[in-house]
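Just the heavy atoms: all of them, side chains too, but no hydrogens, waters or symmetry mates, feed the values below.
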Amino acid sequence: MSNSFNMYPVLTPEMTDTAGVKAETFEFMYNEGREIYPLNITDISQNENNISAAIEDPRCEWYPEKYNLGFSYSISIEHPSAFFGKDGIASRKSILGIAIRWMSVRSEHRGVIHVGDFSCTETELTFTVNHKFAKSVLKGSLVLETILYLKAYGDPDFDEGLLASSTGTVFGTINTREIFIDGNGSVFPIATVSDPSKPLWWVYYDSLDPLLDPFDDEYVEIRLNRAHPAFELLKIDSSFKESTLFLEILSSALLIIVESVQETLGPDWYTVLSGQQFARGSVAEVIYHFVIKLGWDTSSPAELSQSIHSFLDNNIKGGS
């Protein structure tokens with residue numbers, strides 16, 4: 001394994017704490033005509049500065065091919081001057097910038113979103129950025145990295161000779177968010193259909209190779225039937241939290257999906273549990289998050305059902 005060494009000071013967690021950097025949670029939404037609809041975010045796994053999450057639309061309508069995806073994000077710095085001078089990362093006469101570096105690997109799109117910039121003389125400040133991705137730009141997942149970089153270099157004082165001097169130098173990442181895009185949010189791959197001849201709900205599952213097949217509506221999906229007389233009882237147009245019936249359907253559907261993956265993989269099921277040899281964004285990777293990261297018990301259908309119910313009670317209903 002190779003190691004890389006920087007010839008200048010870089011961003012550290014200690015420096016971020018000293019500066020009092022506080023990043024707010026990303027808020028996501030989409031437009032349908034003039035109406036703006038909020039999207040819910042469910043954490044799949046996380047550590048202090050690196051969170052994986054999934055989008056869930058209470059209306060069960062949002063898909064990246066059909067709608068845009070907007071977000072709002074704020075970040076504040078209590079002591080900006082902590083980043084400057086011989087104990088910081090930039091000379092006192094320089095200007096630092098904050099940006100969001102984003103990429104969606106499966107769609108082969110990436111870019112940089114400017115958030116704001118500041119100098120050594122600034123006092124406490126807050127930046128807010130609003131951005132909108134056009135429909136069909138994102139696929140699979142969206143990675144958002146908040147970075148700190150040298151926007152403009154200023155002549156150093158006598159004690160600042162070892163600080164970075166190249167404009168555009170990235171000093172480090174403040175935080176990273178990976179948002180799973182496909183399948184109405186990956187955790188809940190839900191779609192609505194209208195067919196009077198069909199039941200209220202069913203699970204569509206067509207993954208022959210869960211280790212490679214992406215977790216999207218081409219391979220797995222929970223389908224709710226708007227044409228069924230009982231559909232209004234699901235209260236889909238308001239919120240998951242308001243319908244016990246919907247949560248029971250969701251629990252049963254997730255049970256079917258996990259058991260379908262088990263059946264499809266056979267002996268390779270243990271590959272999923274080990275967290276190895278599956279493609280990023282695949283059906284198997286999402287099931288891995290369910291089973292390992294969320295602690296779902298797959299030792300028997302009864303234990304799995306109880307695990308899923310507990311997860312939904314604690315995360316969708318908000319606990320009791």
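Every ring-ring contact (aromatic ring centres under 6.0 Å, His included) that Tyr73 has, sequence neighbours left out, goes to Phe26. For Phe28, there are no ring-ring contact (aromatic ring centres under 6.0 Å, His included) partners at least two apart in sequence or on another chain. Qualifying salt bridge (Lys or Arg N to Asp or Glu O under 4.0 Å) partners for Glu285, counting only residues two or more places apart in sequence or in other chains: none. Among residues two or more places apart in sequence or in another chain, the ring-ring contact (aromatic ring centres under 6.0 Å, His included) test is passed with Tyr37 by Tyr30. In this structure, Trp269 has no ring-ring contact (aromatic ring centres under 6.0 Å, His included) partners at least two apart in sequence or on a different chain. Checked against side-chain contact (heavy atoms from CB on, under 4.5 Å), Ile36 has the following partners two or more places apart in sequence or in another chain: Met29, Asn31. Remark: Lys22 pairs with no residue by the salt bridge (Lys or Arg N to Asp or Glu O under 4.0 Å) rule, at least two apart or across chains. Asp297 is linked by a salt bridge (Lys or Arg N to Asp or Glu O under 4.0 Å) to nothing, counting only residues two or more places apart in sequence or in another chain. Under the side-chain contact (heavy atoms from CB on, under 4.5 Å) criterion, Leu162 pairs with no residue, sequence neighbours left out.
The closest donor-acceptor contact from the side chain of Ser282 to the backbone of Phe278 lies at 3.5 Å or more, if one exists at all. The main-chain N or O of Pro199 is found under 3.5 Å from a side-chain atom of Asn225 such that the two form a donor-acceptor pair. Although no hydrogens or angles enter the test, the distance criterion places no donor-acceptor pair under 3.5 Å between the side chain of Thr169 and the main chain of Ser165. Checking side-chain atoms of Asp209 against main-chain N and O of Leu211 turns up a donor-acceptor pair under 3.5 Å. A side-chain donor-acceptor contact under 3.5 Å links Ser94 to the backbone of Gly154. Counting only distance, with no hydrogens or angles, the side chain of Ser305 and the backbone of Ala302 share no donor-acceptor pair below 3.5 Å. Looking only at distances, a side-chain donor or acceptor of Ser252 sits under 3.5 Å from a matching main-chain atom of Glu248. Side chain of Trp201 to backbone of Ala253: no donor-acceptor contact under 3.5 angstrom is found.
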Could you check Ser76 against Thr126 for side chain to side chain donor-acceptor pair (under 3.5 Å), going step by step and ending with a plain yes or no?
CA-CA 4 Å; Ser76 62; Thr126 299; 4.6 Å; no
In sequence, state the C-alpha distance, the side-chain angles, and the governing distance for His114 and Lys151, and then conclude on side chain to side chain contact (heavy atoms under 4.5 Å, CB included).
CA-CA 11 Å; His114 179 65; Lys151 183 171 183 180; 3.9 Å; yes
Could you go step by step and tell me if Ile256 and Tyr205 meet the side chain to side chain contact (heavy atoms under 4.5 Å, CB included) rule?
CA-CA 9 Å; Ile256 292 171; Tyr205 181 84; over 6 Å; no
Run the side chain to side chain donor-acceptor pair (under 3.5 Å) test on Ser104 and His109 for me, step by step, so that the C-alpha distance in whole Å, both residues' side-chain angles and the decisive distance to 0.1 Å come before the verdict.
CA-CA 5 Å; Ser104 181; His109 284 91; over 6 Å; no
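With a 4.5 Å cut-off on side-chain heavy atoms, Leu144 and Thr176 do not count as touching. Side-chain contact between Ile257 and Val203: present, with at least one pair of heavy atoms (C-beta onward) separated by less than 4.5 Å. Taking the side chain as every heavy atom from C-beta outward, Leu200 and Ile249 approach each other to under 4.5 Å. Looking at Ile292 and Val272, their side chains never come closer than 4.5 Å, going by heavy atoms from C-beta outward. No side-chain heavy atom of Leu233 sits less than 4.5 Å from a side-chain heavy atom of Phe231. Taking the side chain as every heavy atom from C-beta outward, Phe83 and Val21 approach each other to under 4.5 Å. Contact check for Val258 versus Ile287: side-chain heavy atoms found under the 4.5 Å cut-off. Contact of the Asp159 side chain with the Arg92 side chain is registered, since non-hydrogen atoms from C-beta on lie closer than 4.5 Å.
Other residues sharing a hydrophobic cluster with Trp202 under the 4.5 Å side-chain heavy-atom criterion for ILVMFWY residues are Val193. Through side-chain heavy atoms spaced under 4.5 Å, either directly or across other Ile, Leu, Val, Met, Phe, Trp or Tyr residues, Ile147 is tied to Tyr149, Val170. The hydrophobic cluster analysis finds Leu208 isolated: no Ile, Leu, Val, Met, Phe, Trp or Tyr side chain comes under 4.5 Å of it, directly or through other members.
Taking the charged nitrogens against the carboxylate oxygens, Lys93 and Asp155 have no contact shorter than 4.0 Å, which rules out a salt bridge. We find that Glu145 and Arg101 are joined by a salt bridge, their nearest charged nitrogen and carboxylate oxygen being less than 4.0 Å apart.
Pairing each heavy atom of Leu138 with each of Leu142, the nearest pair is CD2-CD1, 3.9 Å. The minimum heavy-atom distance linking Lys198 with His228 is given by the pair O-CD2, 4.0 Å. Counting all heavy atoms, side chain and backbone alike, Pro9 lies closest to Gly88 at CB-O, 3.6 Å. The nearest pair of heavy atoms linking Pro210 to Thr264 is CD-CG2, 3.7 Å. The two residues Ala82 and Met15 come nearest to each other via the heavy atoms O-CG, 4.4 Å. Leu150 and Ala90 get closest at one heavy-atom pair: CD1-CB, 4.3 Å.
Leu250 and Phe311 end up in the same hydrophobic cluster when Ile, Leu, Val, Met, Phe, Trp and Tyr side chains are linked at under 4.5 Å. Hydrophobic clustering (side-chain heavy atoms under 4.5 Å, transitive across Ile, Leu, Val, Met, Phe, Trp, Tyr) keeps Val137 apart from Val112. Using a 4.5 Å cut-off between side-chain heavy atoms of Ile, Leu, Val, Met, Phe, Trp and Tyr, with links allowed through other members, Phe127 and Val129 fall into the same hydrophobic cluster. Follow the hydrophobic side-chain contacts under 4.5 Å out from Leu212 and you never reach Tyr219; the two are in separate clusters.
Separation of atoms OG1 (Thr146) and CD1 (Ile75) is listed at 5.5 Å; rounding is to 0.5 Å. The OG1 atom of Thr271 sits 8.5 Å away from the CG atom of Leu273 when rounded to the nearest 0.5 Å. In this structure, the separation between CG on Leu304 and CG on Leu255 is 5.0 Å, given to the nearest 0.5 Å. Tyr270 OH to Gln277 CD: the interatomic distance, rounded to the nearest 0.5 Å, is 15.5 Å. Here the CG-OG distance, from Leu69 to Ser136, works out to 12.0 Å after rounding to the nearest 0.5 Å. Separation of atoms CG (Asp206) and CG (Asp213) is listed at 8.5 Å; rounding is to 0.5 Å.
Ring geometry for Phe133 versus Phe71: interplanar angle of 30 to 60°, hence tilted. Classified by interplanar angle (parallel below 30°, tilted 30° to 60°, perpendicular above 60°), the ring pair Phe290/Trp296 is parallel.
The 12-atom threshold is exceeded at CD of Glu32, counting heavy atoms of other residues, nucleotides or ligands nearer than 6.0 Å. Residue Gln306 qualifies as open at atom CD: its count of foreign heavy atoms under 6.0 Å is 12 or below.
The side chain to side chain contact (heavy atoms under 4.5 Å, CB included) with Val283 is formed by just one residue from the set Pro214, Ser260, Ser207; it is Ser207.
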